[in-house]
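First comes the structure, then the notes that go with it.
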Amino acid sequence: MTRSSSKRNRRHVSDDEGEESAAGPSTSKRARPSPDVSGAVELDPEGDAIFAFKNPDSASDETIKFLVSSKVLSLASPVFCKMFSPQFQEGTRVRNGERPCIDLEEDDPTAMNVILRILHFQSDDISFDLSRAEFASIAVHSDKYDCRRALRGWVRGWWHANEFDAMFDLTSEEVGLTLLAAYMFRFTSLPRLAADAAKHLKPDFLGKWQEHETISLLPETLKVAVHTWLADGVDYVQGRLQAIEGSLLRPGKGYLVPFSWECLHCGKLFEYGDGPADMKCSCGRTVVERYCTTQSRVCDYLNILRLVGLHHSFQPFKTLSILQIAIFVKEISGYRHTHICQGKERCPLVVQLRDLCLEVDHRLDLMNVERFECVGLGSKVTT
Ligand SMILES: [Zn+2]
Ligand SMILES: [Zn+2]
């Protein structure tokens, strides 16, 4: 049973709805349906039950009603089949021709409108253009009433028409809603989607997911797996950036920087062909040839971090996705082409910047599907 199954039992049949069967409850003969359907949407004009949903736009207890066919719904969904079986009050009343009004006030009427219309072949006005929230809500109700198979073609259409698997530039909530829909519809691609989602989520996503009424339905194992990977990834990049600084601080060989001079007194740099005409700085001191040294490399490295906004104490690690951080890292490593010294590819700064990009790319590659195949998704995912 799914989490939502407990909700199913909370529905009840309104005592003041439906007419008493002319033939009485003791006979098996079905009574004529009542013509009074109280403004219900007639999904089946000959329907034998009414579903009532709370109208979210109404301050009062106004409901939205649908006249439905218990037979059609029973064919589409084992949950409805059970609801309309003789073992349940609803089923008995349908058999007695009472046309019961079944209160489903916890359900989202918009999602149920779509589902019920499709199940009753009244889908002319159903759009393929859904928001992620609408798609997720349909998925949740599809799972609740176990009618995923009956909706299969539509689900494929929605998924592909809306490119729901593209996570780029989505908010953490939108990513969560997409994963939830994939989970509720039991997509076999769920592990791949989870891996992709983890790359696009912001570090504070978990709190937003937990507070979100719908997204919080995602299994804890999946949420924890995504969160753990993301936190590990961010820690890794931050640690790597700090490690580079430590490595550059180690005393190393100095290399001449060609066509570059500096004034050791005031720090002024000269970078043109023949150097200052008289090898004198404007402060009057003699300039000397410039060297790439331990100190200058650390200085250059920290400047590069600041330039791309990724100094390890900066805010980005608290606000950016791991993919966005990786883009900054690529920018960092690109700076190695601007550093010229006679050490060339042996210069410690060049070596570190080159390796950094490769290592972060490799780390992202480790964010693979297998990571999410064994996180207790259980029987929800089928092949
Ligand atoms: Zn000077
Ligand atoms: Zn160098």
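Order of appearance sets the numbers: ligands from 1, and atoms from 1 within every ligand.
Between F135 and F164, the angle of the ring planes stays under 30°, which puts this pair in the parallel group of the 30/60° scheme. Taking the six-membered ring where tryptophan is involved, the planes of F205 and W209 are perpendicular, since the angle between them exceeds 60° and thus also 30°.
The angle C263:SG - the Zn ion (ligand 1) - C266:SG amounts to 110°, with values rounded to 10 degrees. In this structure, SG of C292 and SG of C347 enclose an angle of 110° at the Zn ion (ligand 2), rounded to 10°. Rounded to 10°, the angle formed at the Zn ion (ligand 2) by H339 NE2 and C341 SG is 110°.
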Test log, rule salt bridge (charged side-chain N to carboxylate O under 4.0 Å, His left out), inputs K330 and D361: CA-CA 9 Å; K330 277 201 196 323; D361 273 351; 2.8 Å; yes
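Aromatic ring centres of F80 and Y145: separated by under 6.0 Å.
At least one N/O/S atom of C281, whether from backbone or side chain, sits less than 2.8 Å from the Zn ion (ligand 1).
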